[in-house]
A.B. asks: 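Sharing a structure here in structure tokens format.
The chains referred to below are lettered A, B, ... by the order of the sequence lines, with proteins before strands, and numbering in each begins at 1.
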Amino acid sequence: MNYEDVMKLALERGFYFPSCEVYADAQAGFWEYGPSGVSLKNKFLELWRRELIRRDGMMEIDGSQIMSKSVFEASGHLGNFADPIIKCTKCKSTFRADRTISEISKIEIPESADLEEFDNAILQNNIKCPKCKGDFENTRKFNMMFKVGIGPEEEPAYLRPETCQSIFVDFPRLFKTMRGKLPMGIAQVGKSFRNEISPRQSLLRLREFYQAEIEVFCNPAKLDNVEKFSEIADTVLRIQNDSELVSMTCKEAVESGVIPNKFVAYYLGILIEFYEKTGIDVTKSRFRKLGDKEKAFYAQVAFDFEVETTIGWLELVACNYRSDYDLSSHANKSKEKFEVVDDEQKVLPHVFEISMGIDRSLYTILEYSLKDDKEHERIVLSLRPYLSPVHVGILSLVKKDGLKEKTDEIYLQIKRKYDAFLDHSGAIGRRYRRLDEIGAPFAITVDHQTLQDQTVTIRKRDSMEQNRIKISEINSILSEFTAYP
RNA sequence: GCGGAGUUAGUCUAGCUCGGUAAGAUGUCAGCUUCCCAAGCUGAAGGCCGCGGGUUCAAAUCCCGCACUCCGCACCA
């Protein structure tokens, strides 16, 4: 199913919808998760914790969203997380200064250059607005961070543009107090904020968005000394290097040099094993190795994990080898010591990060799971049972003859343990269809026979087949089939 | 931010040319009936027609701004 089908489902069934929508001054790029969306998101994150955090023995923190100016001076975001832009005085169109100059005059100025360099180049080469030939205003920087004023004096601080900065800043304390030992993974789930020029496509480009970030701190001398590598040595990765897409095992990727070392390969391996369990078809995915121009300013080696969707390739995860960029910057700025002892030697750890876009991942899971079952005239959200917002619908075939009461009784027995939805009203087929649309993998129906022999029917979402089971078996069956893998 | 297309009940759409205080389908809720896959009947709720201003006795309809959504450009998780 395509973007519009997913969007419609999201709006109608409470997955997500625009923020502040009743007001005309609502800004673009802000969306809210409804009940189904929150339930899906929570389950997705639980899977992430199981498959990455616990699997690798990482620790998880929860940092502030507002961070001090110094953090972003050190991280480089104040200087680099900004585009030089120029605005036409006549038609008010805005352009990227570096791109416009290179297109018209073939002069390459790095985007981090002084603003005067852009102005000079524009003057000397007589560069005019490509649309209306008007003159440009002076070049200015558009920083994508949201600035906030703290307290009555409005002391400047910023909403974090990525969650990981608190991980870097907290690293010395965590290493000391949590008995740290390299390699050490620290993870965080939370909101990040970027003042995008043009937010677009609901969850896919937001100004306020969720990230699940993992920063693994390691000894740069030991990047090929990875005990756990054997766990993923035979896991297949699809890697796009330049224009060529190749499928190879992690072991082959390291041996051929496509991936620089076992350390990076291990994390790409467990990442793809995680995504396999979300229901996304990983044969439609790739790790795209980024060229120098595409990489973020802090990255030494970068792979984007992308999945093919109906609106094109979508970047879900950025995997960056950040070297000691962050720790040395924070060490210099703060004068704190960020070195740690590994094998009786002082080292400044290097960092490999797995920066996951949660909202985009959830969208992609929905798109891959949503099916149009034309034969039975229904829309089915075939989510993996452990990700479904509702695990089971509890239905009475009819309300009368005590069936309603019996149904309520069963619902009460299981509602704390499972996400169960109780429904008595309307035709039974209609209720099954509704459950199909929110992805409930099971429906339990109480009928007249239930009152005689304490059995119910259990219906499976994907096959629509029904079996009769004992009430006493409901718990063990649901427990088995809604369990995480 | 630019260019193009849109915005009328939860959803989809009619009405706009030719101003006269909103229509249908579907969905939702309640009841009856049937009793295992969107059946039927009855009833109800739900819309300051994206927002603001103007023209007019009167605006969903005409005019002007703005916002948002979608498609391209550029940027990114």
A.B. asks: State the pairing partner of B:A22; accept Watson-Crick or G-U wobble contacts with both distances under 3.5 Å, and report none otherwise.
C.D. replies: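 Answer to the pairing question: none, since B:A22 forms no Watson-Crick or G-U pair.
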
A.B. asks: Are A:Arg468 and A:Thr457 close enough that a side-chain donor and a side-chain acceptor fall under 3.5 Å?
C.D. replies: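 Their side chains do not contain a donor-acceptor pair, so the 3.5 Å distance test is not met.
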
A.B. asks: Is a donor from one side chain sitting under 3.5 angstrom from an acceptor on the other, for A:Glu273 and A:Thr235?
C.D. replies: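 Yes, A:Thr235 and A:Glu273 have a side-chain donor paired with an acceptor closer than 3.5 Å.
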
A.B. asks: Please work out if A:Glu12 contacts a base, only the sugar-phosphate, or nothing of the nucleic acid, heavy-atom cut-off 4.0 Å.
C.D. replies: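 Sugar-phosphate, backbone atoms only, no base.
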
A.B. asks: Nearest to the side chain of A:Arg205, heavy atoms from C-beta on, is which of B:A77, B:C37, B:A39?
C.D. replies: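 Nearest to the side-chain atoms of A:Arg205, counting from C-beta on, is B:A77.
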
A.B. asks: Using only modelled atom types and a 3.5 angstrom limit, is any donor from either the side chain of A:Glu437 or the base of B:A38 paired with an acceptor on the other?
C.D. replies: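 It does, because a donor-acceptor pair links the side chain of A:Glu437 to the base of B:A38 below 3.5 Å.
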
A.B. asks: Can you name the residues that form a ring-ring contact (aromatic ring centres under 6.0 Å, His included) with A:Tyr321, not counting sequence neighbours?
C.D. replies: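 Testing A:Tyr321 for ring-ring contact (aromatic ring centres under 6.0 Å, His included), a comparison that skips the adjacent residues, returns A:His350.
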
A.B. asks: Assess the side chains of A:Glu162 and A:Ser192: does a donor N or O sit below 3.5 Å from an acceptor N or O?
C.D. replies: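 No - no donor-acceptor pair under 3.5 Å links their side chains.
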
A.B. asks: Rounding to an integer number of angstrom, what distance separates B:A23 and B:C32 when you compare their C1' atoms?
C.D. replies: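 Result for the C1' pair: 29 Å, nearest Å.
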
A.B. asks: Only pairs with both distances under 3.5 Å count, Watson-Crick or wobble alike; so what is the partner of B:G1 in this structure?
C.D. replies: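 Partner of B:G1: B:C73.
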
A.B. asks: Side chain of A:Gln211 only, heavy atoms from C-beta on: which candidate in B:C36, B:A77, B:C37 is closest?
C.D. replies: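 Selected nucleotide (nearest to the side chain): B:A77.
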
A.B. asks: Side chain of A:Gln466: nearest nucleotide among B:C37, B:C68, B:U11?
C.D. replies: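 Given the options B:C37, B:C68, B:U11, the side chain of A:Gln466 is closest to B:C37.
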
A.B. asks: Within less than 4.0 Å of OP1 or OP2 of B:A67, is there a side-chain N or O belonging to A:Gln27?
C.D. replies: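 Checking A:Gln27 against B:A67: no side-chain N or O falls below 4.0 Å of OP1 or OP2.
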
A.B. asks: With sugar-phosphate meaning primed atoms plus P, OP1 and OP2, does A:Glu377 contact a base, only sugar-phosphate, or nothing at under 4.0 Å between heavy atoms?
C.D. replies: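 Result for A:Glu377 = base.
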
A.B. asks: Classify A:Tyr210 by what it touches in the nucleic acid, base, sugar-phosphate, or nothing, heavy-atom distance under 4.0 Å.
C.D. replies: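 No contact at all - A:Tyr210 keeps every heavy atom at 4.0 Å or more from the nucleic acid.
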
A.B. asks: For B:A67, what is the paired nucleotide under Watson-Crick or G-U wobble rules, both distances under 3.5 Å?
C.D. replies: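 When the pairing criteria are applied, B:U7 turns out to be the nucleotide that pairs with B:A67.
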
A.B. asks: Scan every strand shown for a Watson-Crick or G-U wobble partner of B:A30, both distances under 3.5 Å, and answer none if you come up empty.
C.D. replies: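 The answer is B:U42, by the H-bond criterion.
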
A.B. asks: So if I take every side-chain heavy atom of A:Arg433 and compare against B:A39, B:A38, B:C36, which nucleotide ends up nearest?
C.D. replies: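 The closest nucleotide is B:A38.
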
A.B. asks: Please name the pair of heavy atoms, one in A:Ser388 and one in A:Gly439, separated by the smallest distance, quoted to 0.1 Å.
C.D. replies: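 Scanning both residues, the minimum pair turns out to be OG-O, 2.6 Å.
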
A.B. asks: Report yes or no: is there a donor-acceptor pair, N or O only, under 3.5 Å between the side chain of A:Arg459 and the base of B:C37?
C.D. replies: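 Per atom types, the contact qualifies.
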
A.B. asks: Among B:C70, B:U11, B:C36, find the nucleotide with the atom closest to the side chain of A:Gln201.
C.D. replies: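 Within the option list, the nearest is B:C70.
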
A.B. asks: Heavy atoms under 4.0 Å, any strand shown: does A:Asp447 hit a base, just sugar-phosphate, or nothing?
C.D. replies: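 The answer is base, as A:Asp447 lies within the cut-off (heavy atoms under 4.0 Å) of a base atom.
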
A.B. asks: Taking atom P in both B:G4 and B:A14, compute the distance separating them and give it to the nearest angstrom.
C.D. replies: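 Those two atoms are separated by 23 Å.
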
A.B. asks: Select from A:Leu11 and A:Lys460 the residue whose nearest nucleotide in RNA chain B is closer to the 5' end of that strand.
C.D. replies: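 It is A:Leu11 whose nearest nucleotide is closer to the 5' end.
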
A.B. asks: Using the P atom as the point on both nucleotides, what is the distance between B:G20 and B:A59, in whole Å?
C.D. replies: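 Roughly 11 Å separates the two P atoms.
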
A.B. asks: From B:C36, B:G10, B:A77, pick the nucleotide closest to the side chain of A:Arg194?
C.D. replies: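 For A:Arg194, the side-chain atoms sit closest to B:A77.
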
A.B. asks: For atom C1', what is the distance between B:A9 and B:A25, given to the nearest Å?
C.D. replies: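 The answer is 12 Å between these two C1' atoms.
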
A.B. asks: According to the Watson-Crick and G-U wobble definitions, with both distances under 3.5 Å, which nucleotide is paired to B:C62?
C.D. replies: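 Looking at the geometry, B:C62 pairs with B:G54.
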
A.B. asks: What does nucleotides 28-33 of chain B look like as a protein-contact string, B for base, S for sugar-phosphate only, - for none, at under 4.0 angstrom between heavy atoms?
C.D. replies: SSSS--

A.B. asks: Take atom C1' in B:A22 and the same atom in B:G47, then report the distance between them in whole Å.
C.D. replies: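 Those two atoms are separated by 8 Å.
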
A.B. asks: If I pick the P atom on B:A39 and the same atom on B:U28, what distance separates them, to the nearest angstrom?
C.D. replies: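 Comparing P positions in B:U28 and B:A39 gives a spacing of 9 Å.
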
A.B. asks: Between the side chains of A:Ser361 and A:Tyr275, is a donor N or O closer than 3.5 angstrom to an acceptor N or O?
C.D. replies: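 There is such a pair (donor and acceptor under 3.5 Å, judged by atom type) between the side chains of A:Ser361 and A:Tyr275.
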
A.B. asks: Should B:U17 form a Watson-Crick or G-U wobble pair with both distances under 3.5 Å, which nucleotide is its partner?
C.D. replies: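 The base-pairing partner of B:U17, which may sit in any strand shown, does not exist here.
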
A.B. asks: Closer to the 5' end of RNA chain B via nearest nucleotide, is it A:Arg378 or A:Gly357?
C.D. replies: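 Residue closer to the 5' terminus by nearest nucleotide: A:Arg378.
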
A.B. asks: Under a 4.0 Å threshold between the charged nitrogen and the carboxylate oxygen, would A:Asp423 count as salt-bridged to A:Arg434?
C.D. replies: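 Looking at A:Asp423 together with A:Arg434, the answer is yes, because their closest N to O distance falls below 4.0 Å.
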
A.B. asks: Checking all strands, does A:Leu206 fall into the base, sugar-phosphate, or nothing category for heavy-atom contacts under 4.0 angstrom?
C.D. replies: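 It contacts base atoms.
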
A.B. asks: Would you measure the distance from the P atom in B:U55 across to the matching atom in B:U61 and give it in whole Å?
C.D. replies: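 Here B:U55 and B:U61 have their P atoms 15 Å from each other.
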
A.B. asks: If the threshold is 4.0 Å, N to carboxylate O, is there a salt bridge linking A:Arg13 and A:Glu437?
C.D. replies: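 The answer is yes: the pair qualifies as a salt bridge.
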
A.B. asks: Expressed as a whole number of Å, how far does the P atom of B:A38 sit from that of B:U21?
C.D. replies: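 Result for the P pair: 41 Å, nearest Å.
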
A.B. asks: Any base atoms under 4.0 Å from A:Ser202, or only sugar-phosphate, or nothing? Heavy atoms, all strands.
C.D. replies: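 Touches sugar-phosphate only.
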
A.B. asks: Can any side-chain N or O of A:Asn143 pair as donor or acceptor with the backbone N or O of A:Leu78 at less than 3.5 Å?
C.D. replies: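 Yes; at least one donor-acceptor contact below 3.5 Å.
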
A.B. asks: Determine: side-chain N/O of A:Tyr432 to OP1/OP2 of B:A38, distance under 4.0 Å, yes or no.
C.D. replies: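 No, A:Tyr432 has no side-chain N/O under 4.0 Å of OP1/OP2 on B:A38.
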
A.B. asks: Less than 3.5 Å apart, which donor and acceptor atoms pair up between the side chains of residues 302-311 of chain A and the rest of the protein, not counting sequence neighbours?
C.D. replies:
unit_1, atom_1, unit_2, atom_2, d
A:Glu306, OE1, A:Arg286, NE, 2.7
A:Glu306, OE1, A:Arg286, NH2, 2.8
A:Glu306, OE1, A:Arg288, NE, 3.1
A:Glu306, OE2, A:Arg288, NE, 3.1
A:Glu306, OE2, A:Arg288, NH2, 3.4
A:Thr309, OG1, A:Ile311, N, 3.2
A:Thr309, OG1, A:Gly312, O, 2.8
A:Thr310, OG1, A:Tyr3, N, 3.3
A:Thr310, OG1, A:Glu367, OE1, 3.0

A.B. asks: Of the options B:C37, B:A77, B:G10, whose atoms approach the side-chain atoms of A:Ile428 most closely?
C.D. replies: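 The listed nucleotide nearest to A:Ile428's side chain is B:C37.
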
A.B. asks: Taking atom P of B:A77 as reference, at what distance in whole Å does atom CE of A:Met144 sit?
C.D. replies: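 Value for this atom pair: 8 Å.
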
